[in-house]
Amino acid sequence: MTIETEPGLWLLTTPSSAYAVRLGPDGGPRCAHWGPPLTLDQARALPAGPEELPVEGGDRFGVAGLQVRYGDAVRGVEWRHLGHDIEGDDVDGGHLTIRMADRHYPLEIDLHYLVRPDSDAVDRWTTLRNIGDGPITVLRCDSAAWAVPRREDYRLTHVTGEWGAEFQVRRTALPVAETVLTSRRGHSGHHANPWVMLDAGDATEDRGEVWSAALAWSGSWRITVERDHDGRAGWSGGFGHEGVTWRLGPGESLETPVFTGVYSAEGFGGAGHRWHDHIRRHVLPAPGRVRPVVYNSWEATGFDVSQARQMELAELAAGIGVELFVVDDGWFGGRTGVFAGRTGETAGLGDWWPNPDRFPDGLTPLIDHVKRLGMRFGLWVEPESVNPDSELYRTRPEWVLRQPNRRATEVRDQLLLDFSRDDVAGWAYARLDELVTHNDIAFLKWDMNRPITEAGDEVWVAYIRNVYAVIDRLRAAHPHLTIEGCASGGGRADLGMLARTEQIWTSDNTDAAQRIAIQHGYGQVYPACTMGAWVTDSPNALTGRPTPLAFRFHVAMSGALGIGGDLRRWDPADLEQAKHFVERYKRIRPVVHEGRMDRLGDWAVQYTLDPHVVVLSWRPTTLVRVTAPVRLKGLDPDGRYRDEDTGETHHGALLMSHGLPRPWPFDATSELKRLTRAG
């Protein structure tokens with residue numbers, strides 16, 4: 001990792017890529033190179049390309065990532081270079097700041113770049129400062145723009161979906177136009193996700209150049225991908241959707257979220273390897289923390305929560321090897337003789353104390369029972385929402401997010417608390433801190449089940465930053481605490497949330513057959529250790545599809561394993577089989593969570609942490625015609641690999657060229673292979 005510079009030129013080098021910036025004829029910063037490694041001498045020969053942060057003004061007619069309006073109604077930016085700063089070193093990483101300003105108006109613009117010695121990621125973000133006496137209106141401020149080299153053609157990769165069908169990979173030709181990917185919902189979104197990839201239309205899983213970027217933001221966002229008639233392509237992106245503005249007062253500054261870019265010369269799989277390594281090492285709040293096998297009671301009980309029923313489920317969960325027992329929705333609210341509490345979706349949100357009718361002595365008896373069984377204890381919470389039928393709403397109606405002269409929209413009988421207010425965020429932290437402190441809670445599932453509505457300009461960014469602040473304070477006060485991010489499933493999966501949570505609840509859809517595609521899309525950028533995956537009942541509660549227990553486990557074992565079925569309905573043979581699979585999962589967990597993940601087509605995945613190799617393969621139905629052997633990747637061709645279950649030995653070269661057979665004559669079949677390099 002190096003940052004080299006000379007007047008008007010900066011070169012950032014990662015282990016397998018380089019990024020070069022130079023000043024253009026107009027004095028503005030422009031991308032000269034993003035791709036394979038270069039020397040500074042080679043970078044000198046490159047012309048200035050597209051703007052690092054496109055602005056309004058002059059003969060620019062493309063996407064403007066920075067749009068400002070000054071007090072005299074003048075818009076746009078004319079660049080003036082002020083200098084640069086470099087912090088850090090080759091050991092800890094280097095932070096380059098290119099300091100710019102408008103030629104006339106009192107606006108300073110810092111462009112930030114951060115590289116690290118063990119990562120191919122380039123972090124970029126922007127800071128605006130008003131150094132004048134009057135306000136400046138920021139109409140749009142993207143974190144960064146990314147330009148890819150000229151190619152004959154381009155292809156766009158992203159994900160789309162909906163509730164219960166998140167992270168569906170879409171790979172399409174990039175039109176000569178502007179393609180907008182966005183969320184206007186106040187969270188990352190089920191229908192999209194804030195990352196993008198471009199290639200020249202020739203990349204495969206293992207070969208070809210891929211340029212990609214992901215935004216570290218959990219609120220509304222916009223990424224605009226542009227291909228023009230001159231053959232240039234790239235994108236600009238940042239927080240906020242169209243129409244959201246900021247008022248930058250005298251002396252105030254605005255800092256955008258990080259927009260991280262990764263270049264791979266080794267196809268989409270190579271991009272995934274680089275993303276997974278970077279997130280595990282530099283994004284997650286507690287790198288290396290083991291994700292426990294979780295049992296969650298939601299699908300077993302719904303809102304019908306009682307101390308006795310939870311204790312019964314805890315005993316069964318402990319019997320199959322679960323490490324952490326989580327009580328989901330329905331444990332809270334109500335005071336005897338006042339409110340009924342949380343017996344359905346219509347009441348109780350905001351009243352974060354144990355329901356005295358269901359837990360007459362609080363949560364302590366249940367927690368003690370769970371701990372005696374050898375497990376830790378966790379709770380589901382939804383701190384951002386409130387039901388009108390709640391004690392909190394009755395005492396603090398002014399805390400609800402709303403606008404004057406506009407009706408407050410109820411979604412799922414819920415309103416949102418205005419987390420852009422510091423007093424609301426302070427209340428949320430105090431309540432959760434008290435809950436964790438006095439109840440020996442090791443895990444929180446932080447849910448968010450509705451979009452943001454009735455929000456003014458000043459809400460969108462401050463809301464998310466205060467959500468971040470509450471989680472950050474909780475983690476600082478309780479370093480042992482594990483947090484899972486959730487938003488009606490995978491509606492808030494992004495680098496911003498992963499910087500504060502150990503894992504993401506990937507989807508409310510636990511149908512194992514449909515989960516394969518969901519998890520395939522999630523893993524394009526995000527690592528397996530962050531992907532919450534449950535084994536639930538058959539037939540599945542959402543789809544009605546029956547699937548064998550082994551199939552359900554093999555799908556869930558490819559992420560952070562959880563159990564969510566009603567164990568009281570499982571017969572002794574199922575419970576014994578589940579215990580067997582949990583034991584096997586614990587043996588492969590380090591490989592799945594820390595190893596390199598390779599996608600072996602749509603129906604198999606490989607994890608490698610030398611000398612260990614784990615292969616999970618599936619056929620959800622006989623309609624899926626997968627008969628070719630599973631060819632492995634990245635092995636030592638001269639090595640021999642021993643099957644830990646059969647004792648059979650395979651040549652590495654043959655595993656990669658001829659593969660493992662798929663002897664699958666039946667519907668919904670699956671297989672787990674554990675191999676160890678023996679020499």
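- W603 does not carry R515 over the face of its six-membered ring by the limits of under 6.0 Å from the centre and within 45° of the normal.
- Across all non-hydrogen atoms, the minimal contact from S119 to H282 is CB-CD2, 4.0 Å.
- Checked against the 6.0 Å centroid threshold, W195 and W275 do not count as a close aromatic pair.
- Taking the six-membered ring for Trp and the full ring otherwise, W211 and Y263 have centroids separated by under 6.0 Å.
- Ring geometry for F167 versus Y526: interplanar angle over 60°, hence perpendicular rather than tilted (30 to 60°).
- Judged by the 6.0 Å and 45° rule, R589 forms no cation-pi pair with Y607.
- Using modelled atom types and a 3.5 Å distance limit, the side chains of Q606 and T608 yield a donor-acceptor pair.
- Taking CD1 of I3 as the reference point, atom CD of E87 lies at 10.0 Å (rounded to 0.5 Å).
- H278 pairs with exactly one of T14, V525, V283 by the side-chain contact (heavy atoms from CB on, under 4.5 Å) rule, that one being V283.
- In summary, E266 and R274 engage in a salt bridge, as defined by a charged side-chain N under 4.0 Å from a carboxylate O.
- Of all non-hydrogen atoms in D602 and I516, the two that sit nearest each other are O-CG2, 3.6 Å.
- In this structure, the side chain of Q524 engages the main chain of H520 through a donor-acceptor pair within 3.5 Å.
- Between E242 and R140 no salt bridge is recorded (no basic side-chain N to carboxylate O distance below 4.0 Å).
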I'd like to know whether W34 forms a ring pair (Phe, Tyr, Trp, His ring centres under 6.0 Å) with W146, so could you lay out the CA-CA distance, the side-chain angles of the two residues, the decisive distance to 0.1 Å, and finally the verdict.
CA-CA 9 Å; W34 184 24; W146 298 89; 4.6 Å; yes
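- Ion pairing between D206 and R599 fails under the 4.0 Å rule for side-chain N and carboxylate O.
- Annotation for R207: atom CZ does not count as buried by contact number, only 12 or fewer foreign heavy atoms lying within 6.0 Å.
- Taking the charged nitrogens against the carboxylate oxygens, R151 and E209 do have a contact shorter than 4.0 Å, which makes a salt bridge.
- Remark: the backbone N or O of G49 is paired with a side-chain donor or acceptor of R30 at under 3.5 angstrom.
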Run the ring pair (Phe, Tyr, Trp, His ring centres under 6.0 Å) test on W217 and F239 for me, step by step, so that the C-alpha distance in whole Å, both residues' side-chain angles and the decisive distance to 0.1 Å come before the verdict.
CA-CA 7 Å; W217 187 245; F239 57 6; 5.2 Å; yes
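- Under a cutoff of 6.0 Å and an axis angle of 45°, R500 and Y468 form a cation-pi pair.
- No side-chain heavy atom of V605 sits under 4.5 Å from any side-chain heavy atom of L600.
- Between E484 and T501, the side chains place no donor N or O within less than 3.5 Å of an acceptor N or O (distance only, hydrogens not considered).
- Judged by distance alone, with hydrogens and angles left aside, the side-chain atoms of S143 form no donor-acceptor pair with the main-chain N or O of W125 at under 3.5 Å.
- In summary, R640 and D636 do not engage in a salt bridge, as defined by a charged side-chain N under 4.0 Å from a carboxylate O.
- For the side chain to side chain donor-acceptor pair (under 3.5 Å) test, residues two or more places apart in sequence or in another chain that qualify with E644 are R642, T676.
- Formation of a donor-acceptor pair under 3.5 Å by the R677 side chain with backbone atoms of V613 is not found in this model.
- The minimum heavy-atom distance between W221 and L215, with the atom names listed, is CB-CD2, 3.7 Å.
- Here D494 does not pair with R492 in a salt bridge; the nearest charged N to carboxylate O distance is not below 4.0 Å.
- A salt bridge links R116 to D123: one of the charged nitrogens lies within less than 4.0 Å of a carboxylate oxygen.
- Judged purely by atom type and a 3.5 angstrom limit, R291 uses its side chain to pair as donor or acceptor with the backbone of E502.
- Between the D142 side chain and the A144 main chain, no donor and acceptor come within less than 3.5 Å of each other.
- Looking at E166, its side chain does come within 3.5 Å of a backbone N or O of G490 through a donor-acceptor pair.
- Taking the side chain as every heavy atom from C-beta outward, H190 and S488 approach each other to under 4.5 Å.
- Here Q168 contributes atom CD and N193 contributes atom CG; the two are 12.0 Å apart, rounded to the nearest 0.5 Å.
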Verify ring pair (Phe, Tyr, Trp, His ring centres under 6.0 Å) between H33 and W10, making sure each step is shown before the conclusion.
CA-CA 10 Å; H33 174 79; W10 299 268; over 10 Å; no
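- In this structure, H187 contributes its side chain and G189 its backbone to a donor-acceptor pair below 3.5 Å.
- Taking the side chain as every heavy atom from C-beta outward, L660 and P629 never approach each other to under 4.5 Å.
- Using modelled atom types, one side-chain atom of R150 and one backbone atom of D230 make a donor-acceptor pair closer than 3.5 Å.
- No side-chain heavy atom of I98 sits less than 4.5 Å from a side-chain heavy atom of D110.
- Donor-acceptor pairing under 3.5 Å is lacking for the side chains of H191 and T160.
- W79 places no side-chain N or O within donor-acceptor distance of the main-chain N or O of P29, the cut-off being under 3.5 Å.
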